[in-house]
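The structure appears below as structure tokens.
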Amino acid sequence: MIDPRGLSLPSHAQPLILEHLDIRLENRVLVTLDTRVRPGEIVTVMGPSGVGKSTLLAYAAGFLAPAFTATGSVRLGQRELTGLPAEARRLGLLFQDPLLFPHLNVGANLAFGMPAGGKRRERRTHVAAALEDIGLTGFADRDPATLSGGQRARVALMRVLLSRPQAMLLDEPFSKLDTARRHEMRDLVFGRIRHTGLPALMVTHDRADAEAAGGPVIELSDAPTGARHAHDHGEPTPGRETSRACR
């Protein structure tokens with residue numbers, strides 16, 4: 001089901017399942033993980049820099065660097081993603097930087113994220129409605145360089161959603177925003193994820209991100225063996241992490 005903005009609405013959303021993941025660098029275990037992210041749920045992965053958080057997302061997304069080796073299954077419901085190229089996985093990625101195309105105006109950036117096909121007038125209508133939805137009515141012809149950091153972040157989010165992903169991967173998405181914009185973008189991003197019923201996996205250093213997400217928390221940390229392990233222990237408890245790295 002599609003709403004007037006061209007966004008996928010909850011219908012047959014599937015959980016994102018990471019099963020028996022084992023990621024290594026030069027035969028040294030970085031991350032082992034089993035978790036299941038339900039539709040509309042945001043699971044947060046926390047830990048210090050270098051512990052393997054972004055590497056975990058890279059494996060899930062399908063662009064793990066050749067220096068790493070990994071085993072384990074990434075699925076959306078019963079659909080196996082592990083052997084698919086990144087573009088075939090239907091996963092939406094949101095990074096620290098908006099990564100808007102500087103040679104395209106705001107409207108063209110949004111249209112780039114939309115599936116191919118459809119009449120040009122309909123695509124323009126979807127773009128205009130999407131901009132209105134994020135408080136940027138009339139910004140279609142603007143150069144991305146003229147936008148504030150918060151405005152660029154909103155455009156980046158909407159571009160991902162217009163691509164109709166089946167799950168979201170968030171890599172420190174609020175870390176470069178100031179405090180006020182960070183709070184605003186958390187509300188926007190998490191609200192859209194819940195509205196569209198997408199499972200989402202987020203990595204962050206900021207515990208406030210995890211608290212705002214309201215879902216289970218997985219913490220990665222160095223084990224005595226040098227491996228990083230994590231296990232998801234279920235339902236979240238407000239104000240407290242819900243899963244711990246094994247030490």
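Side chains included, hydrogens not; waters and symmetry mates left out as well; all remaining heavy atoms used. Keep in mind that what you see is a predicted model, and the values were worked out from it rather than measured.
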Is [Y] reachable from [X] through a run of I, L, V, M, F, W or Y residues, each pair having side-chain heavy atoms under 4.5 Å apart?
X   : Y   : value
L84 : L18 : yes
L30 : F63 : yes
I17 : L64 : no

What is the minimum heavy-atom distance between [X] and [Y], and which atoms define it?
X    : Y    : value
P199 : P15  : CG-C, 4.4 Å
I193 : M168 : CG1-CG, 4.3 Å
I134 : R154 : O-NH1, 2.7 Å
A210 : M202 : N-CE, 4.3 Å
A167 : L198 : N-CD2, 4.0 Å
A13  : G197 : CB-O, 3.3 Å

Would you say the side-chain atoms of [X] pair up with the backbone N or O of [Y], donor to acceptor, closer than 3.5 Å?
X    : Y    : result
R24  : V31  : no
D22  : T71  : no
K53  : L220 : no
R164 : P115 : no
N109 : L100 : no
D97  : L99  : no

Could you measure the distance from the [atom1] atom of [X] to the [atom2] atom of [Y]? Nearest 0.5 Å is fine.
X    : Y    : atom1 : atom2 : value
T44  : I218 : OG1   : CD1   : 9.0 Å
L16  : T35  : CG    : OG1   : 8.5 Å
L169 : L93  : CG    : CG    : 5.0 Å
L136 : L147 : CG    : CG    : 7.0 Å
M46  : T204 : CE    : OG1   : 5.5 Å
E122 : M114 : CD    : CE    : 9.0 Å

Flag side-chain contact, heavy atom, 4.5 Å: [X] against [Y]:
X    : Y    : value
L177 : H183 : no
H20  : D34  : yes
E172 : L57  : no
L91  : L76  : yes
L21  : L56  : yes
R186 : D206 : yes
Q78  : Q14  : no
D141 : N105 : yes

Any residue meeting ring pair (Phe, Tyr, Trp, His ring centres under 6.0 Å) with F101, in chain and number order, not counting sequence neighbours
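Per chain and number, F101 pairs via ring pair (Phe, Tyr, Trp, His ring centres under 6.0 Å) with H103, F112.
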Test the R142-F139 pair against the cation-pi criterion, namely NZ or CZ under 6.0 angstrom from the six-membered ring centroid and within 45° of the ring axis.
yes
side-chain contact (heavy atoms from CB on, under 4.5 Å) assessment of V127 paired with E132
CA-CA 9 Å; V127 166; E132 181 180 1; over 6 Å; no
side-chain contact (heavy atoms from CB on, under 4.5 Å) for L170 and L201? Distances and angles first, verdict last.
CA-CA 6 Å; L170 314 176; L201 186 66; over 6 Å; no
In terms of relative ring orientation, are F174 and F190 parallel, tilted or perpendicular, with 30° and 60° separating the classes?
perpendicular
State whether [X] and [Y] are salt-bridged, where the test is any N-O pair (Lys NZ or Arg NE/NH1/NH2 against Asp/Glu carboxylate O) under 4.0 Å.
X    : Y    : result
R194 : E41  : no
R182 : D187 : no
R89  : E80  : no

Any donor-acceptor pair under 3.5 Å linking the side-chain atoms of S54 with those of D171?
yes
Does the side chain of S49 come under 3.5 Å of the side chain of H205 through a donor N or O and an acceptor N or O?
yes
Reference residue V189; test side-chain contact (heavy atoms from CB on, under 4.5 Å); the match among L157, I42, D209
L157
